[in-house]
> 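Before anything else, here's the structure in question.
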There are 2 protein chains.
Amino acid sequence: MIKLSKLSDYAIVVLSCLAAERGQLQTAVMLAQQTGIPEPTVAKVLKLLSKKEIVNSVRGVKGGYSMTRIPDQVTVTELIEALEGPISITSCADSEIESDCHIAQLCPMRGNWNKVNSAVKSALDGMNLSDLLLPVSPQRKGGRA
Amino acid sequence: MIKLSKLSDYAIVVLSCLAAERGQLQTAVMLAQQTGIPEPTVAKVLKLLSKKEIVNSVRGVKGGYSMTRIPDQVTVTELIEALEGPISITSCADSEIESDCHIAQLCPMRGNWNKVNSAVKSALDGMNLSDLLLPVSPQRKGGRA
DNA sequence: ATAAACCGGACTAATAGTGTACGGATTAAA
DNA sequence: TTTAATCCGTACACTATTAGTCCGGTTTAT
């Protein structure tokens with residue numbers, strides 16, 4: 001199905017909240033309330049995003065998260081790789097594990113999915129987070145749409 | 001991970017055998033032997049491919065499979081959709097099920113993955129089966145590389 | 001009639017993904 | 001210095017998807 005997990009979906013929602021209040025720190029709990037996504041899940045998403053430095057985390061009592069960049073500066077590739085791991089169409093395609101391919105003796109395309117892979121990747125590189133955020137009225141914390 | 005299942009992988013392998021003997025009918029058993037992929041799985045792949053008319057099936061004693069077109073005429077999109085179903089990046093993205101999105105009240109990107117989706121899809125539309133087949137020496141049935 | 005070959009669906013086991021919980025580390029403030 | 005808020009990391013149970021197989025049915029050349 002070529003689909004990615006829900007985490008990426010959640011990430012967009014969470015990031016849109018963060019983007020609406022750029023510069024402000026927001027806690028995982030706040031973001032969970034705003035989005036309706038369960039807190040532990042929000043925390044998970046944020047963790048992944050901070051690992052790739054898409055969001056910045058501040059620990060301690062007045063801590064929270066904020067975006068490190070404006071949405072234009074975040075490519076969809078980055079986003080997806082943060083949440084789903086490296087973009088690879090097949091398990092063979094990524095050149096990590098080549099050993100357990102028991103049909104290798106005849107496999108005539110070994111590595112050819114890579115072409116597809118790069119095609120997809122460059123399509124994704126051409127898009128950024130702001131392409132994904134709807135031109136929606138900015139939501140404020142605690143407010144209702 | 002954005003990855004597709006092994007079936008697509010197998011499909012390429014099987015199709016390359018078929019492509020090497022264009023016009024000739026080959027049975028599922030023969031293809032299984034050539035590729036090293038287990039017979040029932042080959043049958044499954046072939047079934048999927050014939051449903052989308054990428055291969056042609058002939059029933060009965062002297063039956064078998066052959067390609068309906070030359071590899072250039074088979075887009076990667078077609079191929080993937082035959083084996084994995086419609087290309088959709090997220091479950092929301094495809095406009096079938098919009099109801100079970102419990103975070104819909106705030107979901108600000110509803111439908112925006114579609115942009116990503118089309119980007120991927122058009123990247124895939126631009127490639128065809130012959131891009132995936134290595135310029136490998138034509139393999140003959142029963143022969144060894 | 002028989003046997004070769006595909007058709008369609010259903011079934012089981014394995015794998016991956018989803019969501020949650022828990023103990024630990026860090027830091028502002030009392 | 002103690003406390004509480006907050007992020008960090010790992011591990012775990014539950015669920016859904018995928019992989020691979022099997023079986024009974026249909027078609028057709030001999």
Side-chain angles (χ1 to χ4, degrees), chain A residues 1-11 13-14 18 24-33 35-66 80 83-85 88-92 97 100-103, chain B residues 1-11 13-14 18 24-33 35-53 55-66 80 83-86 88-92 97 100-103:
Chain A
M1 293 223 198
I2 270 210
K3 79 172 180 219
L4 35 85
S5 76
K6 288 190 185 174
L7 272 297
S8 304
D9 214 342
Y10 294 153
V13 180
V14 169
L18 242 19
Q24 311 268 43
L25 287 181
Q26 302 192 66
T27 68
V29 174
M30 283 162 58
L31 290 165
Q33 288 171 343
T35 58
I37 302 167
E39 299 173 25
T41 303
V42 171
K44 193 179 202 173
V45 168
L46 257 358
K47 241 180 297 181
L48 263 347
L49 290 171
S50 75
K51 222 171 264 175
K52 296 288 181 170
E53 305 190 323
I54 292 170
V55 303
N56 164 260
S57 71
V58 176
R59 299 173 75 160
V61 175
K62 292 222 154 175
Y65 294 92
S66 63
I80 290 179
L83 304 194
E84 321 271 334
S88 65
I89 287 299
T90 64
S91 4
C92 294
I97 327 148
D100 66 350
C101 183
H102 46 292
I103 58 170
Chain B
M1 293 222 195
I2 269 207
K3 78 175 181 214
L4 35 85
S5 76
K6 288 189 184 173
L7 273 297
S8 304
D9 215 342
Y10 294 153
V13 179
V14 169
L18 242 18
Q24 311 268 43
L25 286 181
Q26 301 191 65
T27 69
V29 174
M30 285 163 58
L31 291 166
Q33 287 171 345
T35 57
I37 302 169
E39 298 173 25
T41 303
V42 170
K44 190 180 202 169
V45 168
L46 256 359
K47 244 180 294 181
L48 262 348
L49 289 172
S50 74
K51 221 170 268 178
K52 296 285 181 172
E53 306 192 321
V55 304
N56 166 259
S57 70
V58 176
R59 301 173 74 158
V61 176
K62 292 222 154 175
Y65 294 91
S66 64
I80 291 179
L83 304 198
E84 321 272 335
S88 64
I89 286 298
T90 62
S91 2
C92 295
I97 328 150
D100 67 350
C101 184
H102 45 296
I103 59 169

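Everything numeric in this text was worked out from a predicted model, so none of it was measured. Convention: sequence-line order gives letters A, B, ...; per-chain numbering from 1.
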> Is it true that a side-chain atom of A:Glu39 and a backbone atom of A:Ala28 form a donor plus acceptor pair closer than 3.5 Å?
no
> Between the protein and nucleotides 3-5 of chain D, are there any N/O to N/O pairs under 3.5 Å, and if so, what are the atom names and distances?
| residue | atom | partner | partner atom | Å |
| --- | --- | --- | --- | --- |
| D:dA5 | O3' | A:Val61 | O | 3.3 |

> Kindly say if A:Ser50 contacts the phosphate of D:dC7, meaning a side-chain N or O under 4.0 Å from OP1 or OP2.
no
> Check B:Leu83, B:Ile80, B:Asp9 against B:Leu4 for a side chain to side chain contact (heavy atoms under 4.5 Å, CB included) and give me the one that passes.
B:Ile80
> To the nearest Å, how far apart are B:Leu25 CG and C:dA5 P?
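Rounded to the whole Å, the gap is 11 Å.
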> For the atom pair CG (B:Leu31) and CD1 (B:Ile37), what is the distance rounded to the nearest 0.5 Å?
9.0 Å
> Roughly how far apart are A:Leu48 CG and A:Lys44 NZ, rounded to 0.5 Å?
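These two atoms lie 8.0 Å from each other.
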> Do the side-chain N or O atoms of B:Tyr10 get closer than 4.0 angstrom to the phosphate oxygens (OP1, OP2) of D:dA19?
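It does not, given that no N or O in the side chain of B:Tyr10 lies less than 4.0 Å from OP1 or OP2 of D:dA19.
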> Roughly how far, to the nearest 0.5 Å, is the CG atom of A:Leu46 from the CG atom of A:Asn56?
10.5 Å
> Considering just the side-chain nitrogens and oxygens of B:Ser57, establish if one lies under 4.0 Å of OP1 or OP2 belonging to C:dA5.
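Checking B:Ser57 against C:dA5: no side-chain N or O falls below 4.0 Å of OP1 or OP2.
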> In Å and rounded to the nearest 0.5 Å, what is the CE to CG distance from A:Met30 to A:Leu18?
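A:Met30 CE to A:Leu18 CG: 9.0 Å, rounded to 0.5 Å.
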> Kindly say whether, by distance alone, the side chain of A:Arg59 makes a donor-acceptor pair under 3.5 Å with the base of C:dT27?
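There is none.
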> Whole angstrom is fine here: how far is it from CG in A:Asn56 over to P in D:dC7?
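Going from A:Asn56 (CG) to D:dC7 (P), I get 11 Å.
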> Is B:Ala28 touching bases, backbone alone, or none of the nucleic acid, heavy atoms closer than 4.0 Å?
sugar-phosphate
> Answer with base, sugar-phosphate or nothing: what part of the nucleic acid does A:Val29 contact at a heavy-atom distance below 4.0 Å?
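Answer is nothing: A:Val29 stays at 4.0 Å or more from every strand.
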> Just how far, in rounded Å, is C1' of D:dC7 from CG of A:Leu49?
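In whole Å, D:dC7 C1' lies 14 Å from A:Leu49 CG.
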> Find the distance A:Lys44:NZ to D:dC8:P and express it as a whole number of Å.
15 Å
> Nearest heavy-atom pair of A:Pro38 and A:Ala32: which atoms, and what distance?
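Of all heavy-atom pairs spanning A:Pro38 and A:Ala32, the closest is C-CB, 4.4 Å.
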> Search all heavy atoms of A:Lys3 against all heavy atoms of B:Ser88 and return the closest pair with its distance.
CB-O, 3.2 Å
> Nearest-Å distance, CG (B:Leu4) to P (D:dT18)?
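In whole Å, D:dT18 P and B:Leu4 CG are 11 Å from each other.
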> I need the CD-P distance between B:Glu84 and D:dT18, as an integer number of Å.
8 Å
> How many Å lie between OH on A:Tyr65 and C1' on D:dC8, as a whole number?
8 Å
> Checking only heavy atoms, does the side chain of A:Lys47 share a donor-acceptor pair with the base of D:dG9 at less than 3.5 Å?
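Answer yes: a donor N or O sits under 3.5 Å from an acceptor.
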> With a non-hydrogen cut-off below 4.0 angstrom, is B:Leu46 in contact with a base, only sugar-phosphate, or nothing?
nothing
> Roughly how many Å is it from CD in B:Glu39 to C1' in D:dC22, rounded to a whole number?
13 Å
> Does B:Ser5 place a side-chain N or O at less than 4.0 Å from the phosphate oxygens OP1/OP2 of D:dA19?
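So the side chain of B:Ser5 is within the cut-off, an N or O lying under 4.0 Å from OP1 or OP2 of D:dA19.
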> Considering only D:dA19, D:dC8, D:dT21, which nucleotide approaches the side chain of B:Leu7 most closely?
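Closest nucleotide to the B:Leu7 side chain: D:dA19.
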